[in-house]
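A short worksheet on the structure shown next.
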Amino acid sequence: MLEVLQESLRKAPIVNRGEYPYFIHPISDGVPSLEPELLDEIAEHMISIAGTDYDRIVSIEAMGIPLATTLSLKTGIPFSIVRKRQYGLEGEVILSQSTGYSKGELYINGVNKGEKVLVVDDVISTGGTLKALLPALEKMGAQITNVIVVISRGDGAIKMRDMGYEINTLVKIDVDQNGVSILEVAGEQQ
Ligand SMILES: O=P(O)(O)OC[C@H]1O[C@H](OP(=O)(O)OP(=O)(O)O)[C@H](O)[C@@H]1O
Ligand code: HPA
């Protein structure tokens, strides 16, 4: 299951971002090369989890974009990208994002009241990003049908569950100076 993803994670190099050991991977960084086989494997798996009964895919700049694009082409469902840049459009919602290595503002445009949305992203780590985004989408009147994140590291997904949000993740990993260890793969017995 998810063989291309697993193989690529085993090769991921680590760099330090302050105290935070940061893995570098095609899905989370777009480098060194994002292969169509990997995007295809992930998008098919996401569709097997979420189906296609939603009005909009929502994802976050930058590395949510290839995921949302692939899903949109496969499902025919449009997507909106939550941006790190302000546009000042009517109805734009501003939220504060905090990750293990950065802080900043995010701006939501294009999500309409009453829409069913699928939220996808590349990584959940501290959970800081989704902790800000999911309540904001609900406040805008969106109905979140599913949240799917490709790679889970740390306890962000557990913290989100404690807040009442179920996050589907495709792989759970551990990261240290030596590299990435795969702890769990969706759909596989441990
Ligand atoms: O669970 P968290 O600790 O919040 O970390 C997860 C977030 O970190 C990364 O985004 P980043 O802000 O690095 O943006 P990028 O996609 O532009 O690399 C990733 O795409 C998630 O959105
Ligand atoms: O270690 C990481 N690598 C890539 N993207 C990330 N987003 C949160 N943590 C990470």
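Predicted, not measured: the structure shown is a model, and the values here were computed from it. Just so you know, ligand 1 is whichever comes first in the structure, and atom 1 is the first atom listed for that ligand.
Remark: the backbone N or O of Val171 is not paired with any side-chain donor or acceptor of Glu184 at under 3.5 angstrom. Under the 3.5 Å distance criterion, the side-chain polar atoms of Ser59 are matched with a main-chain donor or acceptor of Val120. Looking only at distances, a side-chain donor or acceptor of Glu92 sits under 3.5 Å from a matching main-chain atom of Gly88. A distance-only check finds no donor-acceptor pair linking the side chain of Asn16 to the backbone of Gly18 [under 3.5 Å]. The closest donor-acceptor contact from the side chain of Glu115 to the backbone of Asn112 lies under 3.5 Å. Remark: the backbone N or O of Lys172 is not paired with any side-chain donor or acceptor of Thr169 at under 3.5 angstrom.
Using a 4.0 Å cut-off between charged nitrogen and carboxylate oxygen, Glu105 and Lys84 do not count as a salt-bridge pair. Between Arg153 and Asp174 there is no salt bridge, since none of the side-chain N atoms of the basic residue sits less than 4.0 Å from a carboxylate O of the acidic one.
Within the listing of ligand 1, atoms 1 (O) sit less than 4.0 angstrom from a heavy atom of Ile124. Every atom of ligand 1 is numbered from 1 in the order shown, and the set under 4.0 Å from a heavy atom of Gly127 is 1 (O), 2 (P), 3 (O). Near Ser98, meaning under 4.0 Å from one of its heavy atoms, ligand 1 places the atoms 4 (O). Every atom of ligand 1 with a heavy atom of Met63 under 4.0 Å away is listed here by number and element: 16 (O). Within the listing of ligand 2, atoms 1 (O), 2 (C) sit less than 4.0 angstrom from a heavy atom of Arg153. For ligand 2, the atoms closer than 4.0 angstrom to any heavy atom of Tyr20 are 1 (O), 8 (C), 9 (N), 10 (C). Of all atoms in ligand 1, listed by their number and element, those nearer than 4.0 Å to a heavy atom of Gly100 are 3 (O). Under a 4.0 Å criterion applied to the non-hydrogen atoms of Gly128, ligand 1 contributes the atoms 1 (O), 2 (P), 4 (O).
Under 4.0 angstrom from ligand 2, the non-hydrogen atoms of Asp29 all belong to its side chain. Contacts between Asp121 and ligand 1 below 4.0 angstrom, taking non-hydrogen atoms only, involve the side chain exclusively. Counting heavy atoms under 4.0 Å from ligand 1, residue Thr126 touches it through both backbone and side chain. Only the side chain of Gln97 comes within 4.0 Å of ligand 1, counting heavy atoms alone; its backbone N, CA, C and O stay farther away.
Where the criterion is an N or O separation shorter than 3.5 Å, residue side chain and backbone included, Asp122 fails it with respect to ligand 2. The N/O atoms of Ala62, backbone and side chain alike, include one that comes under 3.5 Å of an N/O atom in ligand 1. At least one N/O-N/O distance between Tyr101 and ligand 2 falls below 3.5 Å. At under 3.5 Å, a nitrogen or oxygen of Asp122, whether backbone or side chain, sits near a nitrogen or oxygen of ligand 1. Geometrically, ligand 1 and Thr129 share a nitrogen or oxygen pair separated by less than 3.5 Å. Checked against a 3.5 angstrom limit, the closest N/O atoms of Tyr22 and ligand 1 fall outside it. Not a single N or O atom of Thr99, backbone or side chain, sits closer than 3.5 Å to an N or O atom of ligand 1. At least one N/O-N/O distance between Phe23 and ligand 2 falls below 3.5 Å. Every N/O-N/O distance between Val123 and ligand 1 stays at or above 3.5 Å.
Residue contacts with ligand 1 leave out Gly156, since none of its heavy atoms falls under 4.0 Å from the ligand.
A cation-pi arrangement, defined by a distance under 6.0 Å to the six-membered ring centre and an angle within 45 degrees of its axis, is present between Arg17 and Tyr101.
Among all heavy-atom pairs drawn from Gly114 and Asp55, the shortest one is O-OD2, 4.4 Å.
Nearest to atom 9 (C) of ligand 1 among the protein's heavy atoms is Tyr101 OH, 3.5 Å.
Under the side chain to side chain contact (heavy atoms under 4.5 Å, CB included) rule, Tyr54 has a single partner from Val119, Ile144, Val117, Thr75, which is Thr75.
Remark: the Thr69 side chain and the Ser72 side chain contain no N/O donor-acceptor pair separated by less than 3.5 Å.
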task = Give the intermediate values and the outcome of side-chain contact (heavy atoms from CB on, under 4.5 Å) for residues His25 and Leu5.
result = CA-CA 10 Å; His25 182 269; Leu5 177 60; 3.9 Å; yes

query = Run the side-chain hydrogen bond (donor to acceptor under 3.5 Å, both in side chains) check on Ser33 and Glu35 step by step: do they pass?
reply = CA-CA 6 Å; Ser33 173; Glu35 303 297 328; 2.6 Å; yes

